[in-house]
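Let me begin by handing over the structure; questions about it come next.
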Amino acid sequence: MLLRMSTLFLRTLREDPADAEVPSHKLLVRGGFVRRAAPGVYTWLPLGKLVLDNIADLVREEMNGIGGQEVLLPALLPREYYEASNRWTEYGDTVFRLQDRKGADYMLGPTHEELFTLLVKGEFTSYKDFPVVLYQIQEKFRDEARPRAGILRGREFHMKDAYSFDIDDAGLQRSYDLHRGAYVRIFDRLGLKYVIVSAMSGSMGGSASEEFLAETEYGEDTFVRSTGSDYAANVEAVRTPAPPHLPVEGLPEAVVHHTPDTPTIQTLVDFLNGAALGREFTAADTLKNVLVKTRRPGEAAWEILGIGLPGDREVDMKRLEAAVYPAEVALLDEADFAAHPYLVKGYVGPNALLANKLRYLVDPRIVEGTVWTTGADQHDHHVVDLVCGRDFTPDGTIEAAEVREGDPSPDGTGTLYTARGIEIGHIFQLGRKFTDTFGLDALGPDGKPKRVTMGSYGIGVSRLVAAVVEQSHDDKGIVWPRSVAPADVHVVGTGKGEQIEVAVRLAEELAAQGVRVLVDDRKGVSPGVKFTDSELLGIPTTVVVGKKLAEGLVELRDRAGGGHSEIALDATVATVAALVKDA
RNA sequence: CGGGGAGUAGCGCAGCUUGGUUAGCGCGCAUGCUUUGGGAGCAUGAGGCCGCGGGUUCGAAUCCCGCCUCCCCGACCA
């Protein structure tokens, strides 16, 4: 491959585009890799297309390596498939919808589980046909409420999605493990720094699920890590370690106090500390009871749920939603309070809930023998020294409290801190959600039909381009890892003599050796401009044919390390070809 | 959907408060000469529906009304 900058469809920009915030967005636009076409929609220019293809090829290699077979499904999808799984409706505003001339509904595929399931159903019918892994690298369309960060979160993007089909759960586990291994190899080859966190499977249903997050300052996903180990998890997946139970004997009796105008934790703590009770109270000594209602899918009635947590912590709605999934959850409104007069807003205690047979779940830190100040179920009253396990017994625990920096790590190794990342891959055991919907069975050896089970495995291919740049750039530009760089070598000819002719000849010889070469053969462009462009474009190795040419020397530069050395012109092709092949 | 900001040449911006001849600057682009190891110099050019519609005025990029779009933060996000 030989690209000549004199004719390449490329224009680099000296200034950052006004709409870019994150480094990958700025650099990909400035370097002429992409251009914005519409909000969240980008055109891939020649250099960007090369990078995108390199990543896709690398993903392909590893997918083929675990027996995956590539197909390409349409992006334009008829409504009927998605009606069957109810996702025509469920997807809501996120999906791009359109109609043909006859008025028939279509959508631009946001994901393809339905099509893959039906594809397999149409072809394979025997247990002997399984397992099978199909994948595609396809454009996906999602009408995001707010596309952002350039390539990182667009409305049209490239994704590799793979699906495994197995006869039984053990097979699914094997398929899952194979994909996990392939993903590790893919992201390692891309040189990415990433973590694997356990994830909730969310609206996709299913059980085992892990996300691959590339760590970056500008990632939109928050996760937690431990100071003491490699532990990493989604905030939703953090299990709070329960402290040991404490003896109840000898603890003081619970006493109800008149606490006027103390509907919030802060007003309560202030009041208590002014009440001469002989000790200091903090928010952490109080038990906050938050009332929500939940509703199981398909049911009309809401059920009230009381959640008890230490008063210094807020409810994390995402954690709460994950904890009650698949039920939906909402806060109580005024009408709910009116309908349940024993719930005294601002003064709710455990006992009114328990006495009225409402479910009451508490944070795992609230164990037997812990002492709390909490609502006394009457206006302007709180109870002090209410002991868990003696004065009230919750129905169980729930992970709904916010996770904070400094909390103990669930694996017992250290404390948690938060980090940010970009979701680059997601694998999960989908199970039989879609095979049930479409009745995908395989005939077993006993002649009876057996329901197939699925795994689903995604990689954001175009997003990876941005993720790599986020992790691999400096103040001068991009630093492509060799595995995805648009070229192996950038040959820069600079000077007023025969340097450019020599540079082109060198480039041609390298290309003949199978090296991918970009040559800067532009005439009348000053060296400074060429060097600056070279650094912005970020090709791993640069060969400068310049002022030392008279002595038979060229300069070899390493973009990542910044090192440079002079080598003989005659030895350049062999040296560079070896460098590229060893990498 | 809530909050903030912005629409003026391919890109980045000024001009608007206080209306006034031909709308300006930098980058980029074209031509010529000079220059050639760190974003060169001089000269000459091309390039504009000042987001759209209406209004005020002798006169609107500038003032008023309405609309549209985009960007950022948040909500949302297989």
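Convention: sequence-line order gives letters A, B, ...; per-chain numbering from 1.
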Given B:rA78, B:rG37, B:rA40, identify the nucleotide with an atom nearest to the side chain of A:S526.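 Closest nucleotide to the A:S526 side chain: B:rA40.
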With a 4.0 Å cut-off on N to O distance, would you call A:R451 and A:D436 a salt bridge?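 Answer for the salt bridge query: yes.
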Okay, side chain of A:S472, backbone of A:V469: is any donor-acceptor separation there less than 3.5 Å?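 No; zero donor-acceptor contacts below 3.5 Å.
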Inter-nucleotide P distance (B:rU62, B:rU18), Å rounded: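 B:rU62 and B:rU18 have their P atoms separated by 14 Å.
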Kindly determine whether A:Y135 and A:H179 satisfy side chain to side chain donor-acceptor pair (under 3.5 Å), including the steps that lead there. CA-CA 11 Å; A:Y135 75 95; A:H179 280 87; over 6 Å; no
Side chain to side chain donor-acceptor pair (under 3.5 Å), that's the test. Do A:D166 and A:S175 meet it? Break it down for me. CA-CA 8 Å; A:D166 280 277; A:S175 295; 2.6 Å; yes
Under 3.5 Å donor-acceptor pair, A:E535 side-chain atoms to B:rG38 base atoms: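 Such a pair is found, so the answer is yes.
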Taking the P atom in each of B:rA46 and B:rG24, what is the distance between them to the nearest angstrom? 12 Å
Only Watson-Crick and G-U wobble pairs with both distances less than 3.5 Å should count. Give RNA chain B in dot-bracket notation, marking inter-strand partners with |. (((((((..((((......[...)))).((((((.....)))))).....(((((..]....))))))))))))....
Separation of A:E551 atom CD from B:rG37 atom C1', in whole Å? 13 Å
Separation of B:rG38 P from A:K547 NZ (nearest whole Å): 7 Å
If I take atom CD in residue A:E15 and atom P in nucleotide B:rA14, what distance separates them, rounded to the nearest angstrom?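 After rounding, the gap between these two atoms is 12 Å.
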Starting at atom CD of A:E114, determine the distance to atom C1' of B:rA78, rounded to an integer number of angstrom. 11 Å
Can you confirm if the NZ or CZ of A:R557 lies within 45° of the ring axis of A:F531 and under 6.0 Å from the centre of its six-membered ring? yes
Hey, what's the ring geometry for A:F141 with A:F96, parallel, tilted or perpendicular (30° and 60° as the breaks)?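 The arrangement is perpendicular - the two ring planes meet at more than 60°.
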Between A:M159 and A:G528, who's closer to the 5' end of RNA chain B by nearest nucleotide? A:G528
Do the non-hydrogen side-chain atoms of A:D533 and A:H490 ever get within less than 4.5 Å of each other? no
Considering only heavy side-chain atoms of A:V544, the closest of B:rC27, B:rG37, B:rU36 is B:rG37
Among B:rG28, B:rC11, B:rG38, which is the nearest nucleotide to the side chain of A:R14? B:rG28
Interatomic distance at P, B:rC1 relative to B:rG10, whole Å: 31 Å
Give me the distance, rounded to whole Å, that separates B:rA61 from B:rC50 when you measure between the P atoms they each carry.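 Those two atoms are separated by 8 Å.
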Looking at side-chain heavy atoms only, is the closest gap between A:S209 and A:H426 below 4.5 Å? yes
Going 5' to 3' along nucleotides 68-77 of chain B, which nucleotides have protein heavy atoms under 4.0 Å from the base (write B), which only from the sugar-phosphate (write S), and which from neither (write -)? --SSSBBBBB
Under 3.5 Å, is there any donor-acceptor pair linking the side chain of A:R30 to the base of B:rG39?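 Yes, a donor-acceptor pair under 3.5 Å.
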Provide the distance between the two C1' atoms, one in B:rG28 and one in B:rC11, to the nearest whole Å.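 So the two C1' atoms sit 7 Å from each other.
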Write down the distance between NZ (A:K496) and P (B:rU36), rounded to a whole number of angstrom.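 Taking NZ of A:K496 and P of B:rU36, I get 4 Å after rounding.
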Side chain of A:L13 only, please: which of B:rC11, B:rC29, B:rG37 is the nearest?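 It is B:rC11.
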Record whether the side chain of A:R522 comes under 3.5 Å of the base of B:rG39 through a donor-acceptor pair of N or O atoms.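 When only heavy-atom distances are counted, A:R522 does not reach the base of B:rG39 through any donor-acceptor pair under 3.5 Å.
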For A:D16, report the nucleic acid contact type (base, sugar-phosphate, nothing); a contact means any heavy atom under 4.0 Å.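 Sugar-phosphate: the residue A:D16, judged by heavy atoms under 4.0 Å, touches backbone atoms but no base.
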Regarding A:K548 and A:E566, does a basic nitrogen lie under 4.0 Å from an acidic carboxylate oxygen? yes
Please report, rounded to the nearest Å, how far the P atom of B:rG28 is from the CZ atom of A:F9. 18 Å
Taking the C1' atom in each of B:rC63 and B:rG15, what is the distance between them to the nearest angstrom?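 After rounding to an integer number of Å, I get 16 Å for this pair.
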Rounding to an integer number of Å, can you tell me how far A:Q138 CD sits from B:rA78 C1'?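 In whole Å, B:rA78 C1' and A:Q138 CD are 15 Å from each other.
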Say you pick atom C1' in B:rC42 and the same atom in B:rC52; how far apart are they, in whole Å?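 B:rC42 and B:rC52 have their C1' atoms separated by 43 Å.
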Return the 5'-most residue of the pair A:P17, A:G460 with respect to RNA chain B, ranking by each residue's nearest nucleotide.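 By nearest-heavy-atom nucleotide position, the 5'-most residue is A:P17.
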Tell me whether the side-chain N/O atoms of A:T532 come closer than 4.0 Å to OP1 or OP2 in B:rG39.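 Answer no for this pair, as no side-chain N or O of A:T532 is under 4.0 Å from OP1 or OP2.
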Relative to each other, are the rings of A:W480 and A:F33 parallel, tilted or perpendicular (30° and 60° limits)?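 A:W480 and A:F33: perpendicular rings.
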Under 3.5 Å, is there a donor-acceptor pair between the side chain of A:T453 and the main chain of A:D169? no
Rounded to whole angstrom, note down the P distance from B:rG5 over to B:rA14.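 Each nucleotide's P atom is 15 Å from the other's.
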At 4.0 Å (heavy atoms only), tell me whether A:E555 reaches a base, stays on the sugar-phosphate, or touches nothing.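 A:E555: base contact, heavy atoms under 4.0 Å.
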Establish, from distance only, whether the side-chain atoms of A:Q429 and A:Q173 form a donor-acceptor pair under 3.5 Å.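 Yes.
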Rounded to whole Å, please give me the gap between CG in A:L213 and P in B:rA78. 14 Å
